[in-house]
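Here is the structure we will look at.
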Amino acid sequence: MITLTPSPFSPSEALADFEKEARGAGAIVSFTGLVRDRAGDADVDGLHLQAYSPMTENGIEKAAADARQRWPLTALRIIHRTGDMGPFEPIVFVATASAHRRAAFEAADFLMDYLKTEAVFWKREFTKTGNRWIEPRAEDYSDSARWTQTNMETDRNARHK
Amino acid sequence: MITLTPSPFSPSEALADFEKEARGAGAIVSFTGLVRDRAGDADVDGLHLQAYSPMTENGIEKAAADARQRWPLTALRIIHRTGDMGPFEPIVFVATASAHRRAAFEAADFLMDYLKTEAVFWKREFTKTGNRWIEPRAEDYSDSARWTQTNMETDRNARHK
Amino acid sequence: MADILYFGRLGDVAGTGAEKLDIPATITDTAALRRWLDVEKSAGGAFLEASVRLAVNSEIVVDPHPISPSDEIAFMPPVGGG
Amino acid sequence: MADILYFGRLGDVAGTGAEKLDIPATITDTAALRRWLDVEKSAGGAFLEASVRLAVNSEIVVDPHPISPSDEIAFMPPVGGG
């Protein structure tokens, strides 16, 4: 299930709900992203997240379907904030459940890479010294490139040798 | 913080506590392992986990210290059940917090591999057709071997090329 | 009238996040629209950047893509959430 | 008297998880202890397996490791939690 919400949400409540849904799964991985209070050497006063509905939702649905095709998941949950939020507030929550812990880890990791670099959001950071739009870093793009089919096989081989 | 407990615990409450502790972290990853209700084609009635104190605790402490040295973690939490437990009950909870999401993912993954193959536990499964002691699978050992220093570098190179 | 949406930093450049515009009849594709708007908004090339993608009626397109006077057209700088 | 601990499946083999034993004076190291106990318990080689490690006073040791009559000695088949 996928939710975009302009209101604060609780990752631990989301995990509690997910546990019920994933009952019998064996392995559950969750990722929570929180608003930083520092960016470089500036204090962060808040963040604004802009979405473009329904393109944003459709893209996330597609990534979730992709994850389900790549890994044997028994449940999947994505919550993403939009609008204005303050430091320490959760921006994003991803949970995956599977019989296999590697599948749960990799699927959560994959979905976060999608959300960081491909999900249709624009992010603005408010600091004392001004406001700036934040675009993904080179590191985010290279993390995301790990999941192209060819790289994934290279990765698997390297891991398991 | 590391806890071995013979009593049931709630992963979502553990995550709620961890969020407070990890305040300002940016990225939180949690892993929850649950007792399966099926093993092969048998129904599982329950599980017994035997520990050898303080060797079990000391080993986990050492793995946690190792994780903190390898990745820039701002917080770390491990809860592991001992004794008897029923299907769907949580066995293990690992949470990691970092400014960097890759660090949080990798450290949680690393700690789970340690817990599966090196932590001093013995696990017995109760099924209708009998009880059996479960030892790690070949797959668990190969997962765990990913984290030797040389393999990790190979892995990183493969991932980021 | 076309609905033009300016996302992320392009909202600052355009001075608004969305507006209705009468696109001149001579502007019939996305590449021409970029050039025309960049001048209209004194954007100094911001609308021409290759990293800025255009979506026509919620579909990301490759320049030059035909546009009609009543399309919804979004200017999308690099995306990223989480 | 030595404290002998049998973990995992070795508890089933030994018929108990822990016991106090008078180890014969001729048994002075872990390798000899494995052989002696395997016969005592009719374990059919279960105590001799290379995958079964021994801990003496909570330290995992490599055979043959010296033992004293009052040591705590644990027989540890392959471990694994989670």
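Because the structure is predicted, anything quoted here is derived from the model rather than measured. The sequence lines fix the lettering, A, B, ..., with proteins before strands; numbering per chain opens at 1.
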Heavy atoms, side chains only, cut-off 4.5 Å: are [X] and [Y] in contact?
| X | Y | answer |
| --- | --- | --- |
| Ile60(C) | Met55(A) | yes |
| Pro78(C) | Trp133(A) | no |
| Arg124(A) | Asp12(C) | yes |

request  = Please lay out, stage by stage, how Arg9(C) and Glu135(A) fare under the test side chain to side chain contact (heavy atoms under 4.5 Å, CB included).
outcome  = CA-CA 10 Å; Arg9(C) 59 182 154 83; Glu135(A) 294 176 0; 2.7 Å; yes

query = Do Trp122(A) and Met76(C) pass the side chain to side chain contact (heavy atoms under 4.5 Å, CB included) test, and can you show the C-alpha distance, the side-chain angles, and the key distance before you say yes or no?
reply = CA-CA 9 Å; Trp122(A) 296 272; Met76(C) 303 171 56; 3.7 Å; yes

message = Shorter than 4.5 Å, heavy atoms on both sides: which option in Pro54(A), Pro136(A), Gly33(A) has the most such pairs with chain C?
response = Pro136(A)

ask   = With a cut-off of 6.0 Å (strictly less than), are more than 12 heavy atoms of other residues, nucleotides or ligands near CZ of Arg23(A)?
value = no

request  = Could you tell me whether His100(A) atom NE2 has more than 12 heavy atoms of other residues or ligands within 6.0 Å of it?
outcome  = no

key: Atom group of Glu118(A) that falls short of 4.5 Å from chain C, counting heavy atoms   = backbone

note = Bottom line for Tyr52(A): the part with an atom under 4.5 Å from chain C's heavy atoms is both

task = Go through Ser58(C), Ala55(C), Ala74(C) and name the one with the most non-hydrogen pairs under 4.5 angstrom from chain A.
result = Ser58(C)

key: Heavy-atom donor-acceptor pair, Lys116(A) side chain to Gly82(C) backbone, under 3.5 Å   = yes

